[in-house]
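First, the structure itself, so that you have it in front of you.
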Amino acid sequence: MAVVTGASSGIGAATARALAAAGYQVVLGARRIDRVNALAEEIGGLGRQLDVTDEASVEAFVAGLDRVHVLVNNAGGAKGLDPVATADLDDWRWMWETNVLGTLRVTKALLPALVDSGDGLIVTITSIAAIEAYDNGAGYTSAKHAQGVLHRTLRYELLGKPVRLTEIAPGMVETDFSLVRFEGDQERADAVYQGLDPLSADDVADVISFVATRPPHVNLDQIVIKPRDQASARRNVKTG
Ligand code: NAP
């Protein structure tokens, strides 16, 4: 069984599809239950409502999931693009609650089921923002750094237990990410990808499916995946 958080769109939805195609029974979670249920029906999985910022929601989501082979911590995102000097504390709270504490809540709740499976795998979708800092991005980069450190610490703490850990750190992927970041401003979101060839959600899901189909002794620790057109968070050039 594989559990994917944030499976209602983008990388999470593509990952749910890819893991189902690889033979996993997939449990899909997100707040938009209609989307999650529609995809679950399409791939023969199970949709459940999940708000990773809400303890009771996480508890209800994991109820009855006793043996879990794969957990994909994907729910997350960014809000705003402000310098530290004018940082919006509510945006920061949203990013830390969703990316950091959300990953912590779900991982804690499913850890016994991952160990009990005898061959567990935790995949956490961080970002190149978990590795680099960039102007106006501190709310997101600090949250992604913290999420990355949480995940990497777990790799040490679980050594000797049958659980593998893989951090996937994507660069630019064209999803609803920028639409959410810019509060539904489609024009501003489109401008992020204009003139470039970004990754698709399927590109990332392909890699996650590869990770989840390696034999139990193989641990892919950290995978950074960027479009050819992007060298760092702030350096991108259309390949000519
Ligand atoms: P997306 O299309 O906006 O998907 C985000 C997903 O997270 C949605 O399914 C959303 O579902 C879910 N989510 C948000 N808040 C949630 C909450 N409180 N509880 C449960 N689910 C929640 O964006 P995406 O690009 O696929 O993002 C997926 C992950 O990749 C994120 O962690 C993001 O930081 C990371 N990432 C993205 C990029 C990129 O360029 N796109 C690059 C690097 C890393 P609901 O709204 O239905 O709850």
Side-chain angles (χ1 to χ4, degrees), residues 3-18 27-40 47-58 60-62 72-79 81 91 93-106 109 123-132 134 137 139-148 150-151 167-184 186 189-190 192-193 196-205 207-208 223-227 229-230 232-234 236:
V3 174
V4 181
T5 72
S8 61
S9 76
I11 295 168
T15 299
R17 275 201 186 89
V27 179
L28 303 87
R31 294 167 303 177
R32 286 171 293 176
I33 187 64
D34 47 332
R35 281 174 168 242
V36 148
N37 280 340
L39 181 53
R48 284 189 178 181
Q49 192 147 38
L50 170 68
D51 181 348
V52 298
T53 69
D54 178 342
E55 199 76 41
S57 171
V58 172
F61 177 73
V62 303
V72 182
N73 283 313
N74 166 77
K79 287 270 189 212
L81 197 58
D91 284 349
R93 261 183 218 105
W94 186 94
M95 290 186 271
W96 277 75
E97 266 296 341
T98 310
N99 295 283
V100 189
L101 299 182
T103 296
L104 177 60
R105 278 189 197 94
V106 176
V123 177
T124 302
I125 314 302
T126 63
S127 169
I128 56 171
I131 301 163
E132 302 175 29
Y134 56 84
Y140 185 59
T141 55
S142 64
K144 284 300 192 186
H145 273 71
Q147 183 194 28
L150 152 64
H151 172 96
E167 176 183 354
I168 307 272
M172 201 182 275
V173 191
E174 191 163 10
T175 61
D176 287 346
F177 175 86
S178 294
L179 199 62
V180 172
R181 175 170 235 173
F182 300 130
E183 305 282 356
Q186 187 73 58
D190 289 346
V192 173
Y193 311 105
L196 297 168
D197 222 345
L199 297 172
S200 70
D202 286 334
D203 294 328
V204 181
V207 173
I208 296 168
I223 300 174
V224 180
I225 166 170
K226 289 183 271 195
D229 291 354
Q230 183 180 36
S232 73
R234 279 290 188 240
N236 41 67

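All heavy atoms count here, side chains included; hydrogens, waters and symmetry mates do not. This one's a predicted model, so the numbers in the text were calculated from it and none came from an experiment. Both counts, for ligands and for their atoms, begin at 1 and track the order of listing.
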Query - Test item, T5 contacting ligand 1 (heavy atom, 4.0 angstrom) - result: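 In this structure, T5 fails to qualify as a contact of ligand 1 - no heavy atom is under 4.0 Å.
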
Query raised in the report: Has A201 got any heavy atom lying under 4.0 angstrom from an atom of ligand 1?
Result: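 Not so, A201 does not reach ligand 1.
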
Query raised in the report: Starting from atom 2 (O) of ligand 1, which protein heavy atom do you reach first, and at what distance in Å?
Result: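 Its nearest protein heavy-atom neighbour is S9 OG, 2.7 Å.
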
**Report entry** Qualifying residue for side-chain contact (heavy atoms from CB on, under 4.5 Å) with V4, from V72, L39, V123
**Finding:**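 That would be V72; it is the only one of V72, L39, V123 passing the side-chain contact (heavy atoms from CB on, under 4.5 Å) with V4.
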
Query raised in the report: Of the protein's non-hydrogen atoms, which lies at the shortest distance from atom 37 (C) of ligand 1, and what is that distance?
Result: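 Closest protein heavy atom to atom 37 (C) of ligand 1: F177 CD1, 3.9 Å.
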
Requested in this report: Using distance alone, decide if ligand 1 has a nitrogen or oxygen within less than 3.5 Å of any nitrogen or oxygen in S127.
Outcome: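 No - when backbone and side-chain N and O of S127 are compared with those of ligand 1, no distance drops under 3.5 Å.
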
Query raised in the report: With atoms numbered from 1 as shown, which atoms in ligand 1 lie under 4.0 angstrom from a non-hydrogen atom of D51?
Result: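 Counting atoms of ligand 1 from 1, those under 4.0 Å from D51 are 17 (C), 18 (N), 19 (N).
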
Query raised in the report: Considering only the protein, which heavy-atom contact is closest to atom 12 (C) of ligand 1, and what is its distance?
Result: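 For atom 12 (C) of ligand 1, the nearest protein heavy atom is G6 CA, 3.5 Å.
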
Query - Ligand-residue contact atoms, ligand 1 with D176, heavy atoms, under 4.0 Å - result: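 Every atom of ligand 1 under 4.0 Å from some heavy atom of D176: 2 (O), 3 (O).
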
Report task. Ignoring angles and geometry beyond distance, decide whether V173 reaches within less than 3.5 Å of ligand 1 through its nitrogen or oxygen atoms. Result ->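 Yes.
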
Query - Proximity winner for atom 44 (C) of ligand 1, if only heavy atoms of T126, I125, T103 are counted - result: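 Looking at heavy atoms only, the winner is T126.
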
**Report entry** Minimum-distance protein heavy atom relative to atom 32 (O) of ligand 1
**Finding:**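 Looking only at protein heavy atoms, the one closest to atom 32 (O) of ligand 1 is N74 O, 2.8 Å.
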
Query raised in the report: Any idea which of S8, G10, A75 brings a heavy atom closest to atom 21 (N) of ligand 1?
Result: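 When every heavy atom of S8, G10, A75 is considered, A75 comes closest to atom 21 (N) of ligand 1.
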
Query raised in the report: Relative to the heavy atoms of T53, which atoms of ligand 1 are at a distance of less than 4.0 Å?
Result: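 Counting atoms of ligand 1 from 1, those under 4.0 Å from T53 are 18 (N).
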
Query raised in the report: Taking side chain as C-beta onward, heavy atoms only, is V52 less than 4.5 Å from T103?
Result: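 Side-chain contact under 4.5 Å: no.
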
Report task. Can you sort out which atoms of ligand 1 are near L50, meaning under 4.0 Å from one of its heavy atoms? Result ->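 Ligand 1 atoms under the 4.0 Å threshold to L50: 19 (N), 20 (C).
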
Query raised in the report: Polar-atom distance check: P170 versus ligand 1, any N or O pair below 3.5 Å?
Result: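 The answer is no, given that P170 and ligand 1 share no N or O pair closer than 3.5 Å.
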
Query raised in the report: Looking at ligand 1, does any of its N/O atoms fall within less than 3.5 Å of an N/O of W94?
Result: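 Between W94 and ligand 1 (N or O atoms, distance only) the closest approach is not under 3.5 Å.
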
**Report entry** Minimum non-hydrogen distance to atom 38 (C) of ligand 1, winning option of A130, A30, G171
**Finding:**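 Among A130, A30, G171, the closest heavy atom to atom 38 (C) of ligand 1 comes from G171.
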
Query raised in the report: Among protein heavy atoms, which sits nearest to atom 14 (C) of ligand 1, and what does the distance come to when rounded to 0.1 Å?
Result: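 Answer, as residue, atom name and distance: R31 NH2, 3.4 Å.
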
Requested in this report: Find the distance between CE (M172) and CG (D229) and round it off to the nearest 0.5 Å.
Outcome: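 Between M172 CE and D229 CG, I get 9.0 Å after rounding to 0.5 Å.
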
Query raised in the report: Rounded to the nearest 0.5 Å, how far apart are CE of M95 and OG1 of T141?
Result: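 Separation between the atoms: 8.5 Å.
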
Query raised in the report: Y140 and ring-ring contact (aromatic ring centres under 6.0 Å, His included): which partner among F177, Y134, W96?
Result: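 The ring-ring contact (aromatic ring centres under 6.0 Å, His included) with Y140 is passed solely by F177 among F177, Y134, W96.
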
Requested in this report: Report yes if some heavy atom in the side chain of Q230 is under 4.5 Å from a heavy atom in the side chain of L196; otherwise report no.
Outcome: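 In short, these two side chains do not touch, never coming nearer than 4.5 Å.
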
Query - Selected option - heavy-atom contact closest to atom 24 (P) of ligand 1, from T175, I128, L179 - result: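 Among T175, I128, L179, the closest heavy atom to atom 24 (P) of ligand 1 comes from T175.
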
Query raised in the report: Any idea which protein heavy atom is nearest atom 26 (O) of ligand 1, and the distance to it?
Result: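 Looking at atom 26 (O) of ligand 1, the protein heavy atom closest to it is I11 N, 2.8 Å.
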
Query - For atom 19 (N) of ligand 1, closest protein heavy-atom neighbour - result: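 I find the closest protein heavy atom is V52 N, 2.9 Å.
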
Requested in this report: Measure Y140 to ligand 1 on non-hydrogen atoms and call it side chain, backbone, both or neither using the 4.0 Å cut-off.
Outcome: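 Y140 to ligand 1: side-chain contact only, backbone stays beyond 4.0 Å.
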
Query raised in the report: Which residue supplies the protein heavy atom nearest to atom 5 (C) of ligand 1, what is that atom called, and how far is it?
Result: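 Residue, atom and distance for the closest contact: G76 O, 3.7 Å.
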
Report task. Please tell me if the side chains of Q186 and L179 come closer than 4.5 Å, counting only heavy atoms from C-beta onward. Result ->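 Heavy-atom side-chain distance check passes, below 4.5 Å.
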
Requested in this report: Would you confirm whether S142, through its side chain, and G139, through its main-chain N or O, come within 3.5 Å as a donor-acceptor pair?
Outcome: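 Side chain of S142 to backbone of G139: a pair is present.
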
Query raised in the report: If you count the atoms of ligand 1 from 1 in the order shown, which ones are under 4.0 Å from a heavy atom of G77?
Result: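 By the 4.0 Å cutoff, the relevant atoms are 31 (C), 34 (O).
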
Query raised in the report: Counting both backbone and side chain atoms, is some N or O of K144 under 3.5 Å from an N or O of ligand 1?
Result: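 Looking only at distances, the answer is yes, because the N/O contact criterion of under 3.5 Å is met.
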
Query - Test side chain to side chain donor-acceptor pair (under 3.5 Å) applied to E167 and T126, T124, N73, the passing residue - result: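 For E167, the side chain to side chain donor-acceptor pair (under 3.5 Å) check succeeds only for T126.
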
